[in-house]
Amino acid sequence: MNNMVMLNHVSHFNIGQILESGQVFRFEKISDHSYLLNAKQKLIKITQQPDSSSVAIYNTTASEVEEIWMNYFDINTNYENITATLAAKDEWMAKAVEFGKGIRILRQDPWEMLISFIVSQNKSIPHIKACLKNITNKFGFPINEVDGMGEHYHSFPTPKELSRATEEDLRECKVGFRAPYIMDACQKVLNGDVILNDLYIMPIEEAKAKLMTIKGVGPKVADCILLFAYSRMELFPTDVWIKRVIEGLYFEGKDVKLEEIQKFASEYFGELAGYAQQYLFFYGRENALFKDISKKKA
DNA sequence: GTTCAGGTGTCCA
DNA sequence: TGGACACCTGAA
C-alpha cells in the first residue's frame, strides 16, 4: 500500500485500544501493530509501534488526513485534562484510565452507527462484525483493493442502497429478528421522519427520543449512536458489561436499576461520562471484571 | 443439549 | 409503570 502519511506527536492515541474498545466494528487486526480500517468510504491501514507517538496511515493522502481522519480520530481534542480529571475521581478510575490511556472516542457516521447498534443488540462483538460485513458486502459498493489482501472491501451502504434489501435479504445477512428494525430505520430516514443531521444540534433528550421512534432503538442503542457519532460526551451507554462494572465498583456488587446507574454516572462523571464509560468498558471487558456477578445472583 | 451474548418490543398485572 | 418473556444465530 502506497501513499503513507505519518502523524507525529499524537498523544493519548493507541490504535489497538481505540479500535478494540467496542465503539467501531469494521476493522481487522492484520498483524501485531497494524489494523485495516474501513470507514468514511475509504480503506486505510494503520500502523503504530507500541507506545509510539507516531502513527502511520497508509492508502491516504495529506489532504484526506486533514479533511477526514483528523476529525474522525478527534485528534484536536486534548485528552490530558480529560484523563487527569477522571483519574482523580478514585483509584479504580485511575487504573481504568491508565489501562486504556490510548483510547479516543471516534466521530463516526450517524447512519452507520444507527444500523450497527441496532444489529448489536443481544449479540457478541465478533458476531456483530460478521453481520455488518455481510451487509456491506451485499449492499455497499466496492472500494479500493488492498495489495495482497485478496479480498474486496465495500463501503457502508447508504439508506437508499440499504432500502433495496428485503427482510429475506437481511436475514441472509444473519441479523435475525433485527431485520424489520433495519427496514424501519431505512424508511424513517428516507422519508424524513428522522433527519440524522438535525440531531447534531438538537437538545439531548429530544435527539434521544427521536432516535427511539425507530424500531429496535432503545435507550442503550440511542446513547451509543449519540456518543459515537454525535460526540455527546455527557451520555453513559449502559449495557450488561458497564452495568456489572459499575455495580461491582460503586454499589458493592448489588443489582442496581438502569436509571440509578445513569443517575450515578451523570452526577459522578458529569460532562465526561462518555469518556468514563469507554475507559471502564475497555478495562472491565479486557480483564473480564465482575463477569460472574450475574450468574451468582441467579 | 443448554446457555449466553454490548437490548428491545410486547404483553400483562 | 414495571417486570417477565421471546427473539435470530452461533459459539462455548
Side-chain angles (χ1 to χ4, degrees), chain A residues 17-27 96 100 103 105-106 108 112-135 138 165-185 187-188 194 208-229 232 235-249 255-263 265 273-298:
Chain A
Q17 292 182 352
I18 289 169
L19 297 179
E20 306 280 2
S21 61
Q23 58 181 320
V24 55
F25 301 104
R26 298 196 305 127
F27 69 91
I103 291 175
I105 296 186
L106 302 172
Q108 300 184 76
E112 180 173 342
M113 290 298 95
L114 170 59
I115 299 302
S116 298
F117 282 97
I118 285 175
V119 169
S120 80
Q121 64 181 260
N122 224 41
K123 268 186 186 298
S124 62
I125 289 178
H127 201 179
I128 298 165
K129 291 173 76 168
C131 286
L132 292 174
K133 187 147 214 167
N134 293 338
I135 288 173
K138 201 158 183 175
T166 63
E167 177 162 348
E168 192 180 334
D169 289 334
L170 290 169
R171 282 180 186 268
E172 278 173 20
C173 295
K174 305 301 177 187
V175 300
F177 62 84
R178 305 159 193 81
Y181 301 164
I182 293 171
M183 295 176 78
D184 190 52
Q187 193 185 350
K188 287 201 165 72
V194 176
K208 195 165 165 178
K210 180 59 87 175
L211 284 170
M212 286 170 63
T213 62
I214 297 168
K215 294 246 189 252
V217 179
K220 190 271 177 181
V221 167
D223 281 354
C224 284
I225 298 165
L226 288 167
L227 177 59
F228 299 135
R232 296 299 187 101
L235 291 172
F236 194 82
T238 305
D239 56 48
V240 291
W241 277 101
I242 206 71
K243 183 170 184 291
R244 282 181 209 144
V245 170
I246 293 294
E247 286 171 352
L249 296 185
D255 193 11
V256 176
K257 281 184 185 168
L258 184 68
E259 299 161 359
E260 197 168 344
I261 289 180
Q262 299 257 328
K263 184 164 173 281
Y275 296 105
Q277 195 268 3
Q278 278 306 96
Y279 293 118
L280 285 172
F281 178 82
F282 184 70
Y283 184 58
R285 196 165 65 92
E286 295 287 311
N287 296 292
L289 244 47
F290 309 111
K291 198 177 188 319
D292 300 329
I293 281 187
S294 48
K295 289 177 194 167
K296 283 175 188 164
K297 278 187 300 210

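Here is how names work: the chains are called A, B, and so on, in the same order as the sequence lines, proteins then strands, and each is numbered from 1.
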Give one of base, sugar-phosphate or nothing for [X], where a contact means two heavy atoms less than 4.0 Å apart.
{"X": "A:Ser116", "value": "nothing"}
{"X": "A:Glu167", "value": "nothing"}
{"X": "A:Pro126", "value": "nothing"}

Next item on the list: Scan nucleotides 6-12 of chain C nucleotide by nucleotide, 5' to 3', and note B when protein non-hydrogen atoms come under 4.0 Å of the base, S if they reach only the sugar-phosphate, - if neither.
Entry: -BBBS--
Interatomic distance where [atom1] belongs to [X] and [atom2] belongs to [N] [whole Å]:
{"X": "A:Met183", "N": "B:dG9", "atom1": "CE", "atom2": "C1'", "value": "18 Å"}
{"X": "A:Glu247", "N": "B:dG6", "atom1": "CD", "atom2": "C1'", "value": "15 Å"}
{"X": "A:Phe228", "N": "B:dG6", "atom1": "CZ", "atom2": "P", "value": "14 Å"}
{"X": "A:Leu211", "N": "B:dG7", "atom1": "CG", "atom2": "P", "value": "18 Å"}

Would you check if [X] and [Y] make a side-chain contact, meaning some heavy-atom pair closer than 4.5 Å?
{"X": "A:Val194", "Y": "A:Thr213", "result": "yes"}
{"X": "A:Arg232", "Y": "A:Ile225", "result": "no"}
{"X": "A:Val256", "Y": "A:Ile246", "result": "no"}

Margin query: Ignoring hydrogens and geometry beyond distance, is a side-chain donor-acceptor pair present between A:Ser21 and A:Gln23 at under 3.5 Å?
Written below: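 Short answer, yes.
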Check: Is the ring centre of A:Phe117 under 5.5 Å from the base ring centre of B:dG6, and are the two planes under 30° apart, so that they stack?
Finding: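 A:Phe117 vs B:dG6: stacking no.
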Notebook entry, point to check: Would you write out the dot-bracket form of DNA chain B, 5' to 3', with Watson-Crick and G-U pairs under 3.5 Å, [ ] for crossing pairs, | for pairs to other strands and . for unpaired bases?
Noted result: .||||.|||||||
Notebook entry, point to check: Does A:Glu167 have any side-chain hydrogen bond (donor to acceptor under 3.5 Å, both in side chains) partners at least two apart in sequence or in another chain, and if so, which?
Noted result: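 Expected list: A:Arg171.
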Margin query: Let me spell it out: for each of A:Val217 and A:Arg285, pick the nucleotide of DNA chain B with the closest heavy atom. Which residue's pick is nearer the 5' end?
Written below: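 The residue closer to the strand's 5' end, by nearest nucleotide, is A:Arg285.
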Item checked: Spacing of CD1 belonging to A:Ile214 relative to CG belonging to A:Asp184, to within rounding of 0.5 Å ->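 Spacing of CD1 (A:Ile214) from CG (A:Asp184) equals 7.0 Å.
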